[in-house]
2 protein chains.
Amino acid sequence: MRPKNLEKEEAIRSIALKIISEEGLENLSMQKLAKAANISPRTIYIKYENKEDLLVKLFIEEVLGTYEKAILENFNPEMGFAEGMKRLWLNTFHYLKNNKPSFSLIQYGKSSPLLNKAFQEKNIQQGEFFAPIHRFLKTHVKTGLIPDLPHDVHRALLFSPIQDLVAEYFDHLDRPQQIINEELVLTCCEIVIKGITNQKHHEQLKK
Amino acid sequence: MRPKNLEKEEAIRSIALKIISEEGLENLSMQKLAKAANISPRTIYIKYENKEDLLVKLFIEEVLGTYEKAILENFNPEMGFAEGMKRLWLNTFHYLKNNKPSFSLIQYGKSSPLLNKAFQEKNIQQGEFFAPIHRFLKTHVKTGLIPDLPHDVHRALLFSPIQDLVAEYFDHLDRPQQIINEELVLTCCEIVIKGITNQKHHEQLKK
DNA sequence: CAAAAGTAAGTAAACGTTTGTTTACTTTTA
DNA sequence: TAAAAGTAAACAAACGTTTACTTACTTTTG
């Protein structure tokens, strides 16, 4: 039995992401992808049932999977709040700024009904997605350091600014100078931390 | 000379937005749009040069134009910081939650290279887009109430959470109960305000 | 002050391409 | 030689856009 050529599988994934990030999701076609990867269209259909299957698997397994791993590196839920937040923000910044195709697909995940649906299903089904962050926040809610809000609301308050900053980082690649760097990211992170933490509680702990 | 049928022009715009928000940008075709609007494909090409022209004009004139107006209602740059922020947040929340198609297209604007380019050009060219907010922030930077950061960074810190909350609002439409309401939006707005404002300065002003 | 002339709006049908996917066949290796 | 991997070529359907024509209204003219 002829064995699979793993290089071709990898080429399909990486070239698909490249096309999406450079030309947009609406400009990715199976034939264009096959041509760019120097294979026959049929070869894509050995690994993936159809285009939807390819996109969903690419999004969930390839992008979200590695994204999660990268963000949680050197992070653990028992960390202090400020320390943990800074770790998560820096991990997000460094991973995404070096993986533009992933960032592009994540952005598409927020608007495209197809990927949006896939994301929600994954998020609800396994419930384990970003579970350490969930636990981290719960801990600090319990001590009263941060307010008890729904998890989705915590996410909007604590992590949407860093994702927006990454978008700005990519926008500024086309401009004369880059304004988004690690120092600025940390400054912004501190502002977000200051907003959500209960100062009185913090001072009581010090006493 | 036969006059234009303005109803048909309006139908093209509103039905295009409807298709985009329900089925995604990648599922909008000129023939599908014509059929849904009960007109001939040729009629679209009387008003718009091609598909790209349609999308860009729809995005900039129809969506961004009315979005800007809605957000700046009852707002003026001389307002106090907290008061102004709350006005902007509530306007954003109320407008977007009642205009899902606009929200969808704005989200696409962040990922699709085509719309992204159109947005940047518009933003740079006229420089007047959201100018009152620009002035508002500048004023409060001058008094030292908020830190002096690039405008794009201010936007990420101050407005990305409310946009994320609107996305959550729409996600929760499919779930048993809605958790995003005006009260929660104001709570979050206060958290963001607390984060960015210089407390010491604030207290000095009081003395 | 009607009817003819002129003109842009609008239509039905089709253009050549490209789409996602499949069929029929060849290659490669256990 | 069995069997899956892979290819070249083709499929119907849908794509963006155009052609050839009709409709509906304004303006000009006898």
Side-chain angles (χ1 to χ4, degrees), chain A residues 1-62 105 108 112-115 117-118, chain B residues 1-62 105 108 112-115 117-118:
Chain A
M1 183 176 96
R2 184 175 176 176
K4 284 186 189 182
N5 185 334
L6 294 177
E7 280 176 29
K8 284 179 183 168
E9 290 196 359
E10 174 53 29
I12 291 172
R13 288 193 293 265
S14 63
I15 291 177
L17 285 174
K18 192 177 165 229
I19 292 176
I20 291 170
S21 84
E22 287 175 3
E23 305 176 42
L25 186 58
E26 62 269 36
N27 284 306
L28 176 75
S29 82
M30 300 300 259
Q31 299 188 105
K32 190 189 246 179
L33 171 58
K35 205 166 219 170
N38 234 323
I39 55 168
S40 158
R42 184 71 182 80
T43 306
I44 303 174
Y45 286 87
I46 293 170
K47 175 87 179 166
Y48 303 99
E49 205 178 317
N50 50 39
K51 192 183 180 183
E52 177 170 337
D53 186 45
L54 165 66
L55 288 175
V56 169
K57 282 190 174 143
L58 207 62
F59 182 51
I60 292 190
E61 290 167 20
E62 191 77 359
L105 201 53
Y108 270 111
S112 157
L114 169 65
L115 295 183
K117 195 181 134 213
Chain B
M1 184 175 95
R2 186 175 176 175
K4 286 186 189 181
N5 185 335
L6 295 176
E7 279 176 29
K8 283 178 182 166
E9 289 195 359
E10 174 53 29
I12 292 173
R13 289 193 293 264
S14 63
I15 292 177
L17 286 174
K18 192 175 166 230
I19 292 176
I20 291 170
S21 84
E22 287 174 5
E23 305 175 44
L25 186 59
E26 62 269 37
N27 285 306
L28 176 75
S29 81
M30 299 300 259
Q31 297 187 110
K32 191 189 247 180
L33 171 58
K35 204 167 220 171
N38 233 322
I39 55 168
S40 158
R42 185 70 182 79
T43 305
I44 304 173
Y45 287 87
I46 292 170
K47 175 88 179 167
Y48 303 99
E49 205 177 317
N50 50 39
K51 193 183 180 182
E52 176 169 337
D53 186 44
L54 165 66
L55 288 175
V56 169
K57 284 192 174 140
L58 207 63
F59 181 50
I60 292 191
E61 291 168 17
E62 191 77 358
L105 202 52
Y108 270 111
S112 159
L114 169 65
L115 295 184
K117 196 180 133 215

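Quick note on labels: first sequence line is chain A, next is B, and so on, each numbered from 1.
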Side-chain donor-acceptor contacts of residues 37-48 of chain B below 3.5 Å, not counting sequence neighbours, with atom names and distances?
{"residue": "B:S40", "atom": "OG", "partner": "B:R42", "partner atom": "N", "Å": "3.2"}
{"residue": "B:T43", "atom": "OG1", "partner": "B:S40", "partner atom": "O", "Å": "3.3"}

Please work out which residues in residues 34-48 of chain A have a non-hydrogen atom less than 4.0 Å from an atom of DNA chain D and list them by number.
A:I39, A:S40, A:R42, A:T43, A:I46

Nearest-neighbour nucleotide for the A:K51 side chain, D:dA5, C:dG20, D:dG6 considered
C:dG20

Grab the CG-P distance between B:L54 and D:dC15 for me, whole Å please.
15 Å

Using a 3.5 Å cut-off and no angle test, enumerate the donor-acceptor pairs between side-chain atoms of residues 9-26 of chain A and protein atoms at least two apart in sequence or in another chain.
{"residue": "A:E10", "atom": "OE1", "partner": "A:R13", "partner atom": "NH2", "Å": "3.1"}
{"residue": "A:R13", "atom": "NE", "partner": "A:E62", "partner atom": "OE1", "Å": "3.4"}
{"residue": "A:S14", "atom": "OG", "partner": "A:E10", "partner atom": "O", "Å": "3.2"}
{"residue": "A:S14", "atom": "OG", "partner": "A:A11", "partner atom": "O", "Å": "3.4"}
{"residue": "A:S21", "atom": "OG", "partner": "A:K18", "partner atom": "O", "Å": "3.4"}
{"residue": "A:E23", "atom": "OE1", "partner": "A:K32", "partner atom": "NZ", "Å": "2.9"}
{"residue": "A:E26", "atom": "OE1", "partner": "A:Y108", "partner atom": "OH", "Å": "3.1"}
{"residue": "A:E26", "atom": "OE2", "partner": "B:S112", "partner atom": "OG", "Å": "3.1"}

Please list all pairs passing the salt bridge (Lys or Arg N to Asp or Glu O under 4.0 Å) test where one or both residues lie in residues 48-57 of chain B, with sequence neighbours left out.
B:D53-B:K57

If we only count heavy atoms from C-beta on, is the A:L55 to A:L28 side-chain gap below 4.5 Å?
yes

Minimum heavy-atom distance A:M30-A:L54, with the two atoms named:
SD-CD2, 4.0 Å

Does any residue of residues 7-30 of chain A have a heavy atom under 4.0 Å from DNA chain D, and if so, which ones, in number order?
A:K8

Interatomic distance, B:L6 CG vs C:dA8 C1' [rounded to whole Å]:
14 Å

In whole angstroms, how far is the C1' atom of C:dA12 from the CD atom of B:Q31?
12 Å

Any N/O pairs under 3.5 Å between the protein and nucleotides 27-30 of chain C? List them or say none.
{"residue": "C:dT27", "atom": "O2", "partner": "A:R2", "partner atom": "NH1", "Å": "2.9"}
{"residue": "C:dT29", "atom": "O2", "partner": "A:M1", "partner atom": "N", "Å": "2.7"}
{"residue": "C:dA30", "atom": "O4'", "partner": "A:M1", "partner atom": "N", "Å": "3.3"}

What distance do A:N27 atom CG and B:L114 atom CG have between them, rounded to the nearest 0.5 Å?
8.5 Å

